[in-house]
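Worksheet: one structure, shown below.
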2 protein chains.
Amino acid sequence: MGQGSNAKPERISEAEHAVMEVLWGASPATAADVSDALAQNRGWSLATVKTLLGRLVQKQAISASPDGRRYLYAPLIERSDYIGTESKRLVDRLFGGRAASLVAHLADQEALTEDDLTEIEALLKELKR
Amino acid sequence: MGQGSNAKPERISEAEHAVMEVLWGASPATAADVSDALAQNRGWSLATVKTLLGRLVQKQAISASPDGRRYLYAPLIERSDYIGTESKRLVDRLFGGRAASLVAHLADQEALTEDDLTEIEALLKELKR
DNA sequence: TCATTTCGATTACGGATGTAAACATGAAGC
DNA sequence: GCTTCATGTTTACATCCGTAATCGAAATGA
């Protein structure tokens, strides 16, 4: 077997995901940076953020490069991969894998605005070309 | 405040959701019925299914009507409500609430087949009318 | 050099989850 | 009536998750 990228993607929890979003937004960042960025919405203590960063490092979702006394953290997995996986999970679990059913449902619940519809229409046109 | 339907919707876990799906499919059912239906895919013991049913009753997601020695279980929440809530959670968390972004992503990842696209197109036509 | 600050690492701890075994109790045979 | 089956209830228990406090070591300042 190849020795290459062997990172089995361990599940990222919701709290951990919030940390990932910060890192996806501002790549190499210190624990303090992340904590600051999250203080607004989540109000977590620095200790909590450190715990989450530690868990993410273990899960190989982020890297930690030594920078003097501290680490600089950066994502190892791409955001698009993550949201792709998560979206697929949902579609599989709730809609038996049929993405169209999801769209139908969103439309039904009027979760789609007029603008959304227009946007999707444009997308479809592009895809069909 | 109204005294009416006061059931705060407690979160349903993934395992519990599997049980809900069975009940949504065959409404009043006994624990054994549910267990049988799930044995195929999940391979849970009857004991496990009973635990899940108990938790769902507590969460007021299903009802348990006495029927002689046992109970008949039935969903109290509707499937469309559940998948609506869950879909919304995902869209909010991963796409900042923009459902169109989800569709765009699915399209990008080619999670949408040619058939899906056609189906969605039809949906849109209907919605725009 | 000693106290303070700053980090990461270790430990904590309650609640949820997945997965079940053990227990209690009534029904059904024998 | 006593044993056995069926069924719900209670208890169990490891892991994950959210949320930190504490510990230990290095850097910094006085």
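A quick note: this is a predicted structure, and the numbers were derived from the prediction, not measured. Just so it is clear: chains get the letters A, B, ... in the order the sequence lines come, proteins before strands, and each one is counted from 1.
- In this structure, Ile12(A) atom CD1 and dG18(D) atom C1' are separated by 16 Å, rounded to whole Å.
- No donor-acceptor distance shorter than 3.5 angstrom exists from the side chain of Trp24(B) to the backbone of Ser80(B), with no hydrogens or angles considered.
- Sorted by first and then second residue, the side chain to side chain donor-acceptor pair (under 3.5 Å) pairs with a member in residues 61-70 of chain A read Asp67(A)-Arg70(A); sequence neighbours excluded.
- Rounded to whole Å, atom P of dT19(D) lies 13 Å from atom CG of Asn41(A).
- When the salt bridge (Lys or Arg N to Asp or Glu O under 4.0 Å) test is applied to Asp33(B), no partner is found at least two apart in sequence or on another chain.
- In this structure, Arg70(A) places its CZ atom 14 Å from C1' of dA26(D), rounding to the nearest Å.
- Taking the side-chain hydrogen bond (donor to acceptor under 3.5 Å, both in side chains) definition, one finds that Asp81(B) meets it with nothing, sequence neighbours left out.
- At the heavy-atom level, Ala64(A) lies nowhere under 4.0 Å from the strands shown.
- In this structure, Tyr73(B) reaches the dG8(D) phosphate: one of its side-chain N or O atoms is under 4.0 Å from OP1 or OP2.
- In terms of phosphate contacts, Tyr71(A) brings no side-chain nitrogen or oxygen within less than 4.0 Å of OP1 or OP2 of dT6(C).
- Considering only heavy atoms from C-beta on, Ser13(B) stays 4.5 Å or farther from Arg55(B) through its side chain.
- Each end of the helix from dT1(C)-dA30(D) to dC30(C)-dG1(D) gets its own axis from five base pairs, and the two axes differ in direction by 30°, given to 10 degrees.
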Reading nucleotides 18-30 of chain C from 5' to 3' and marking B where a protein heavy atom lies under 4.0 Å of the base, S where only the sugar-phosphate is that close, and - otherwise, the string is BBBB---BSS---
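- Judged as a side-chain hydrogen bond (donor to acceptor under 3.5 Å, both in side chains), and not counting sequence neighbours, the contacts of Thr48(A) are Ser45(A).
- Within the 4.5 Å cutoff, the side chain of Thr30(A) has no heavy atoms near those of the Tyr71(A) side chain.
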